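Below is one structure, written out as structure tokens; the observations come after it.
Side chains included, hydrogens not; waters and symmetry mates left out as well; all remaining heavy atoms used. What you see is a predicted model, and the numbers here were worked out from it, not measured in a lab. Read the numbers this way: they start at 1 and go in the same order the structure lists the ligands and their atoms. Along the sequence shown, residues carry numbers from 1.
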Amino acid sequence: MQVAVYSTRSYDRHALERANAAEGASGHRFNFLEARLDASTVPTAAGADAVCVFVNDQLDRTVLQGLHDLGVRLVALRCAGFNQVDLVAAQELGMAVGRVPEYSPHAVAEHTLALLLTLNRKIHRAYARVREGNFALEGLLGFDVHGRTVGVVGTGRIGETFCRLLTGFGCTLLATDPTPNPACVAMGVQYVPLVELLARSDVVSLQCPLTPQTHHLIDAAAFASMKHGAMLLNTSRGAVVDTQAAIDALKAGTLGSLGLDVYEEEASLFFRDLSGSGIQDDVFARLLTFPNVVVTGHQAFFTDDALAAIASTTLANLDAFAATGKAKHPIDV
Ligand code: NAI
């Protein structure tokens, strides 16, 4: 199949080319494009049977209609989340949508743990200080994770893996999820309503998808019900957190620390080098001024193992569509 690959970076290209050249691979023809897919870049899909897209590509009704008019029949997501696709429009147009439901829950869970430990032990500040020859410890005080309470919002693949990592620390694990996970129950996780989780947790970690129900799930009211000085981690999707409410809670000193790998307006920032041009987003820039905030640019997934798994599952989606007209891992409305 002819595939237009959007938001391509060198590592995407390398992983897809390697998987496509492997023995037994179908040998799809990739057109690698650095541009993001949106209404303005739709014409670059001309001649493609499928588009291969990432988290910040836009697949609203207008874009899908434009792709359909060009003959595109498959949207192959290189990610697990699918909040960027208008699934109803895709279904009405008869377009298949496939995703990579699981590539490495370990990659994201381990990165979430890295954020937790970095913020708690102030590694980001210690790193800068030591390089300046400043070995003072004031301001670097942390706490033992052992004996603390960690609340996990969403215990699917990533949430479960995160809980499993935390069992090694000897902390109390709380979770909230409309569908409790028996594996988590078996490892001692207690399911409680969100409001109780927020009130009891020293660390709250978000591992749920972005849906209309989880949009701004952590808003001003949620921040108000969190334990004073608690840590919030978000490696799910940016819009699960109301960023302005987070800034207000940081300014008030009620939110102890914030670790983000995702940001609700990340599409205009992440996956590119803006070091020479500056940041236009004032809300994001304000976040970066807090010493107790660590932001990574949507890199939780970014391990060698995860990239290889994303590439092979994407090829499996393309192969299945070529053979049956359906992706191997379809998303149904
Ligand atoms: P999953 O589908 O296995 O699990 C999601 C869980 O969230 C499910 O158990 C579901 O019942 C639960 N959930 C849904 N609504 C909820 C709510 N209102 N409150 C609490 N729980 C709720 O998904 P997986 O693989 O664990 O991924 C979770 C999310 O992580 C993805 O949807 C994606 O947005 C994000 N992600 C972020 C990455 C990164 O690089 N930062 C990489 C991969 C995924």
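At a 4.0 Å cut-off, at least one heavy atom of Arg237 sits close enough to ligand 1 to count as contact. Using a 4.0 angstrom heavy-atom cutoff, Ser236 counts as in contact with ligand 1. Residue contact check for ligand 1: Leu210 places no non-hydrogen atom closer than 4.0 Å to it.
Annotation for ligand 1: atoms under 4.0 Å from non-hydrogen atoms of Val153 are 20 (C). For ligand 1 and His298, the ligand atoms under 4.0 Å from any heavy atom of the residue are 39 (C), 40 (O), 41 (N). Of all the atoms in ligand 1, the ones that sit under 4.0 Å from a non-hydrogen atom of Asp261 are 39 (C), 40 (O), 41 (N). Within ligand 1, counting atoms from 1 as listed, the ones closer than 4.0 Å to a heavy atom of Thr176 are 20 (C), 21 (N). Within the listing of ligand 1, atoms 38 (C), 42 (C), 43 (C) sit less than 4.0 angstrom from a heavy atom of Val108.
At a 3.5 angstrom cut-off on N or O pairs, Phe301 counts as close to ligand 1.
Of the protein's non-hydrogen atoms, Ile158 N, 2.8 Å is the one closest to atom 26 (O) of ligand 1. Considering only non-hydrogen protein atoms, atom 4 (O) of ligand 1 sits nearest to Gly156 CA, 3.2 Å. Among protein heavy atoms, atom 29 (C) of ligand 1 sits closest to Cys208 O, 4.0 Å. Ranking protein heavy atoms by distance to atom 9 (O) of ligand 1, first place goes to Asp177 OD2, 2.7 Å. In terms of protein heavy-atom proximity, atom 16 (C) of ligand 1 is nearest to Pro178 CD, 3.6 Å. Protein heavy atom nearest atom 5 (C) of ligand 1, with residue, atom name and distance: Pro209 CD, 3.7 Å. Protein heavy atom nearest atom 43 (C) of ligand 1, with residue, atom name and distance: Tyr103 OH, 2.9 Å. Nearest protein heavy-atom neighbour of atom 1 (P) of ligand 1: Arg157 NH1, 3.6 Å.
Classified by interplanar angle (parallel below 30°, tilted 30° to 60°, perpendicular above 60°), the ring pair Phe301/His298 is perpendicular. Below 30°, between 30° and 60°, or above 60°: for Phe270 and Tyr263 the angle between ring planes is between 30° and 60°, a tilted geometry.
A donor atom on one side chain and an acceptor atom on the other are found under 3.5 Å apart for Arg286 and Thr289. For the residue pair Thr235 / His111, no side-chain donor-acceptor distance below 3.5 Å is found, with atom types taken as modelled. His216 and Glu264 are linked by a side-chain donor-acceptor pair at a separation below 3.5 angstrom, with hydrogens and angles left out of the test.
Atom CG of Leu194 sits about 5.5 Å away from atom CD1 of Ile218, to the nearest 0.5 Å. Distance check, rounded to the nearest 0.5 Å: CD1 of Ile310 to CG of Leu77 gives 11.0 Å. How far NE2 of His28 is from OG1 of Thr314: 10.5 Å, rounded to the nearest 0.5 Å.
Taking the side chain as every heavy atom from C-beta outward, Asn292 and Leu258 never approach each other to under 4.5 Å.
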query: Given Gln207 and Thr155, is the side-chain hydrogen bond (donor to acceptor under 3.5 Å, both in side chains) satisfied, shown in steps?
result: CA-CA 7 Å; Gln207 256 76 58; Thr155 50; over 6 Å; no
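Here atom 38 (C) of ligand 1 lies nearest to Thr235 when heavy atoms of Thr235, Asn83, Thr179 are compared.
The minimum heavy-atom distance linking Arg129 with Gly139 is given by the pair NH2-CA, 4.3 Å.
Of the candidates Phe54, Phe302, Tyr6, Tyr11, Phe54 is the only one forming a ring-ring contact (aromatic ring centres under 6.0 Å, His included) with Phe271.
Contact annotation: for Gln207 versus ligand 1, heavy atoms closer than 4.0 Å belong to the backbone alone.
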